[in-house]
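So you know, we letter chains A, B, ... as the sequences are listed, proteins then strands, and number each from 1. If you're wondering where the values come from, they're calculated on a predicted model, not measured in any experiment. For the numbers below, each heavy atom of this structure counts, side chains included, while hydrogens, waters and symmetry mates do not.
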2 protein chains.
Amino acid sequence: MNATSKPERNRLSAEDWELAALQLIAEQGVGALAVEALARRLGVTKGSFYWHFRTREALLQATLERWEQYGEREIISQIELIADPRERLPELFRRVAHELQPHRVYAALLKALDHPLVVPVMARVSSRRTEFLETAYRQAGLAPADALNRARLTYAAYVGFLQLNFTLGLPRLSHDEFDAYVEHMIATLIPA
Amino acid sequence: MNATSKPERNRLSAEDWELAALQLIAEQGVGALAVEALARRLGVTKGSFYWHFRTREALLQATLERWEQYGEREIISQIELIADPRERLPELFRRVAHELQPHRVYAALLKALDHPLVVPVMARVSSRRTEFLETAYRQAGLAPADALNRARLTYAAYVGFLQLNFTLGLPRLSHDEFDAYVEHMIATLIPA
DNA sequence: CGCAGTCCATACTCAGTCGTATGGTAAGTC
DNA sequence: GACTTACCATACGACTGAGTATGGACTGCG
């Protein structure tokens, strides 16, 4: 983290390509992940790329794996430290609502679900998160069957919100409106 | 509707191309909408296509417009006939849950939100539906501010469900599980 | 019958992108 | 100081898919 941040005249590593690929995906989607375009972004040519990766798909695969591993567990592990189980879900909602960059990547990957490589990754990540929600709902007092469906509903609402207000830029919520929406979600989805 | 249904040796019209394009989008997404592939599907060559449309984008545009106009208003108009306003939302949920083909198209379009042509169409359709939900929630007794947020939450849950269980094929719900999920949605989102 | 308009086939051009082949340069290593 | 290794540039081949040019076939109409 000391000298490889800036795109100066440094040599590149495979990790640099993966990070740049993830950023490009967040900005323009998986479809825009072209080898030469990414090389131009990094100030080099294709020759560099094909030294680090065997193919374009290999880069995408490595990038997705990196995202799947490093993308989660910051929030989830913090939430589990909260003592009162009934306080975890509201706190989770509010913390997630204040993120930004992780949602960008996730939203970009949602738009790339026609690509066979991203489907299993998104399936694993989404089901893990849903399972986390399910246990949280159970700890909050919901019956097992209700907890499962409530977790599905909650995560579906999250995904749909990303598509509608993030990708689609639909209602263009103001900051206050967004906060009110989050509080409405909490009041509606979380058992009192 | 008498002789233009079957793909026999008939001549084609622009409408035939648009309908075939919509079906192909529903099956394989917008990215798979290629001129020659669609021509093979219809049993002709590109020469036919470029007589009816100036470009590939023109076909996509026309197809999206057709979908936007003819895609809705079947269910919505039927729902408005229900006398008791408090019965409309549960009935809407259950009817929508029993559809299939419209969801296919909508889900395919959700995956194509990186294409600039589909964004405004999806924005219009989605906001119209959300507004319909908002008035329904108001008629069901919710306060205006709550009705708006509840409508957003409901439609986001719908969109997210499509992505997760349709496109992603996530939990692979059985028929009974799906019905239970719908009833859980009704119990959670609709005021008693 | 002949002609014009409609619809389609064939054969191209052109641009974008993946992947390869090969040579070049800077930094270490003995 | 020669030699290896890591990284990159350049040039090329091949494929894919959009769009064009042009001619042929069928149909209705005078």
Side-chain angles (χ1 to χ4, degrees), chain A residues 2-25 27-64 108 111-112 114-118, chain B residues 2-25 27-64 108 111-112 114-118:
Chain A
N2 25 3
T4 51
S5 308
K6 285 180 266 181
E8 306 241 326
R9 296 281 172 97
N10 256 333
R11 321 289 282 283
L12 299 178
S13 67
E15 185 178 348
D16 295 326
W17 283 94
E18 295 169 11
L19 293 177
L22 195 63
Q23 190 171 348
L24 201 158
I25 288 174
E27 294 174 6
Q28 307 182 32
V30 176
L33 184 61
V35 179
E36 286 164 307
L38 195 62
R40 278 192 296 271
R41 251 171 110 95
L42 288 171
V44 292
T45 63
K46 302 197 305 183
S48 170
F49 176 83
Y50 284 100
W51 194 91
H52 294 287
F53 299 93
R54 268 190 53 241
T55 169
R56 192 205 102 135
E57 299 261 294
L59 168 67
L60 181 56
Q61 181 110 34
T63 304
L64 291 176
K111 294 191 299 184
D114 43 357
H115 199 292
L117 278 182
V118 320
Chain B
N2 23 359
T4 50
S5 308
K6 284 180 272 182
E8 307 240 326
R9 296 285 172 94
N10 256 333
R11 320 289 284 282
L12 299 178
S13 68
E15 187 179 349
D16 295 327
W17 284 93
E18 296 170 10
L19 294 177
L22 195 63
Q23 190 171 348
L24 199 157
I25 288 175
E27 294 174 6
Q28 308 183 32
V30 176
L33 183 61
V35 178
E36 286 166 305
L38 195 61
R40 277 193 297 272
R41 250 171 111 95
L42 288 170
V44 293
T45 63
K46 301 198 306 183
S48 169
F49 176 83
Y50 284 100
W51 195 91
H52 294 288
F53 298 92
R54 267 191 54 241
T55 170
R56 192 204 99 129
E57 299 261 293
L59 168 67
L60 182 56
Q61 180 112 34
T63 303
L64 291 176
K111 293 191 299 184
D114 45 356
H115 196 115
L117 278 181
V118 320

Subject >> Minimum heavy-atom distance between B/Gly29 and B/Ala108, given as atom pair plus value >> reply: CA-CB, 4.3 Å
**OP:** Please state how far atom CZ in A/Arg56 lies from atom C1' in C/dC18, giving the value in whole angstrom units.
**Re:** 9 Å
**OP:** Identify the heavy atoms of B/Val35 and B/Arg56 that sit nearest to each other, and give their distance.
**Re:** CG2-CG, 3.9 Å
Original post:
Rounding to a whole Å, what distance do you find between B/Arg54:CZ and D/dT20:P?
Top reply: 8 Å
Original post:
For the residue pair A/Phe49 and A/Leu59, what are the closest heavy atoms and their distance?
Top reply: CE1-CD2, 3.5 Å
Original post:
When the distance from OH of B/Tyr50 to C1' of C/dC14 is rounded to whole Å, what number comes out?
Top reply: 12 Å
**OP:** Identify the two heavy atoms, one from A/Ala32 and one from A/Leu24, that lie closest to each other, and give their separation to 0.1 Å.
**Re:** O-CD2, 3.4 Å
Subject >> Which residue lies more 5' along DNA chain C, comparing B/His52 with A/Phe49 via nearest heavy atoms >> reply: B/His52
Original post:
Rounding to a whole Å, what distance do you find between B/Trp51:CH2 and D/dT20:C1'?
Top reply: 17 Å
Original post:
Could you state the CG-P distance from B/Leu42 to C/dC7, rounded to the nearest angstrom?
Top reply: 14 Å
**OP:** Would you mind telling me which of C/dT10, C/dC18, D/dG19 lies closest to the side-chain atoms of A/Glu36?
**Re:** C/dC18
**OP:** Counting heavy atoms from C-beta on, name the nucleotide in C/dC18, D/dA18, C/dT10 closest to the side chain of B/Thr45.
**Re:** C/dT10
Original post:
Quick one: A/Leu24 CG to C/dT17 C1', roughly how many Å, whole number?
Top reply: 15 Å
Original post:
Counting just side-chain N and O atoms, does B/Thr55 come under 4.0 Å of either OP1 or OP2 of D/dG19?
Top reply: yes
**OP:** For side-chain contact (heavy atoms from CB on, under 4.5 Å), just list the numbers for B/Leu38 and B/Arg41, CA-CA rounded to whole Å, side-chain angles, deciding distance to a tenth of an Å, and then say yes or no.
**Re:** CA-CA 5 Å; B/Leu38 195 61; B/Arg41 250 171 111 95; 4.2 Å; yes
Original post:
Of the nucleotides D/dC8, C/dC12, C/dG19, which has the atom closest to the A/Ser48 side chain?
Top reply: D/dC8
Subject >> Comparing B/Leu12 and B/Lys46 on DNA chain C - which has the more 5′ nearest nucleotide >> reply: B/Leu12
**OP:** Give the minimum heavy-atom separation between A/Trp17 and A/Ser48, together with the two atoms involved.
**Re:** CZ2-OG, 3.4 Å
Between the protein and nucleotides 24-29 of chain C, list the N/O to N/O atom pairs that are separated by less than 3.5 angstrom.
none

**OP:** State, without any angle test, whether A/His52 and A/Glu18 hold a side-chain donor-acceptor pair at a distance under 3.5 Å.
**Re:** no
Subject >> Between C1' of C/dC18 and CZ of A/Phe53, the distance in whole Å >> reply: 16 Å
Subject >> Length of the CG-P vector between B/Leu33 and D/dG19, whole Å >> reply: 11 Å
